[in-house]
Amino acid sequence: MTYIELINRFWKLNKEWNFSSTETKLYFLLLDTANSMEWKNPVQMSHTTLTKYFEESEATVRRARNKLRLAALITFEAARSKADRSKYFIIGINEERDTQNEKTRHPNVTNRDTQTSPKNDAVTDC
C-alpha cells in the first residue's frame, strides 16, 4: 500500500473503531517513523519512549497498541524487558515484496490482486 492508502485505510477503520487520540497518535507515529526509515518493517520503539512521548500511562499505551492490533492495522512483538524495544509491524507495508517472496517460496500460487498497475508506479511504494 502507498502512504496515502495506509492513511485512508486508518480513517475508514476509524468510522467503525472510533480510535482514541492515543491510538491515533500511535498509528501515525509508527507511519511517520516507517516513512523516515524508508518503509522498513518492523518499527522498533521502547515502551518507555512511547509513554513519555504521549504523556500517558503504560496501561494506556498498551491498550492503544492492542486496539490497533485488533483493528488489523498493526501487529507487534512486545519487548521482553525494559531495556528492549518492542517491534511494531504496520500491516500493508511491504505487501508486494512479501507477496513476491511468497511466490518465490510457492511458485505455483498466483494472485492477481498483488500485481501493480502502471498508474501506481509514480506513487511511493510503502
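- Between Phe76 and Tyr88, the ring planes lie tilted relative to each other; the angle falls in the 30° to 60° range.
- Taking all atoms of both residues into account, the shortest heavy-atom contact from Ser86 to Ala79 is OG-N, 3.1 Å.
- Side chains of Leu73 and Trp17 form no contact here, defined as non-hydrogen atoms less than 4.5 Å apart.
- Thr48 has its side chain within reach of Lys52: a pair of non-hydrogen atoms, C-beta onward, lies under 4.5 Å apart.
- Thr33 contributes atom OG1, which lies 3.0 Å from atom CE of Met45 (distance to the nearest 0.5 angstrom).
- A salt bridge is defined here as a Lys NZ or Arg NE, NH1 or NH2 lying under 4.0 Å from an Asp or Glu carboxylate O, and Glu5 with Arg9 fails to meet this definition.
- Under the 4.5 Å side-chain contact rule for hydrophobic residues, Tyr3 and Phe89 do not share a cluster.
- Note: Phe28 and Phe10 have perpendicular aromatic rings, judged against thresholds of 30 and 60 degrees for the angle between ring planes.
- Remark: the backbone N or O of Ile90 is paired with a side-chain donor or acceptor of Asn41 at under 3.5 angstrom.
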side-chain hydrogen bond (donor to acceptor under 3.5 Å, both in side chains) between Asn66 and Arg63, intermediate numbers included | CA-CA 5 Å; Asn66 285 331; Arg63 280 192 302 271; over 6 Å; no
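- In this structure, the side chains of Met37 and Gln44 stay at 4.5 Å or more apart for every pair of heavy atoms.
- Counting heavy atoms from C-beta outward, Val43 and Leu30 have side chains that approach closer than 4.5 Å.
- At a threshold of 4.5 Å between non-hydrogen side-chain atoms, the residues Ile93 and Met1 do not count as touching.
- Heavy atoms only, all atoms of each residue included: Arg65 and Ile74 are closest at O-CD1, 3.8 Å.
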Should Trp11 and Thr24 be marked as a side chain to side chain contact (heavy atoms under 4.5 Å, CB included) after you check the CA-CA gap, both sets of side-chain angles, and the distance that decides it?
-> CA-CA 10 Å; Trp11 290 120; Thr24 302; 4.2 Å; yes
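- Looking only at atom types and distance, the side chain of Glu58 has no donor-acceptor partner in the side chain of Thr51 under 3.5 Å away.
- No side-chain donor from either of Thr49 and Arg85 sits under 3.5 Å from a side-chain acceptor of the other.
- Residues Leu31 and Leu6 are in side-chain contact: their nearest non-hydrogen atoms beyond the backbone lie under 4.5 Å apart.
- Side-chain N or O atoms of Glu23 include one that pairs as donor or acceptor with a backbone N or O of Ser20 at under 3.5 Å.
- Heavy-atom neighbours of Lys25 NZ from other residues, nucleotides or ligands within 6.0 Å: above the threshold of 12.
- With a 6.0 Å radius and a threshold of 12 heavy atoms from other residues, nucleotides or ligands, Tyr53 has its OH atom at or below the threshold.
- Minimum interatomic distance between Phe19 and Leu13 (heavy atoms only, all atoms of both residues): CE1-C, 3.9 Å.
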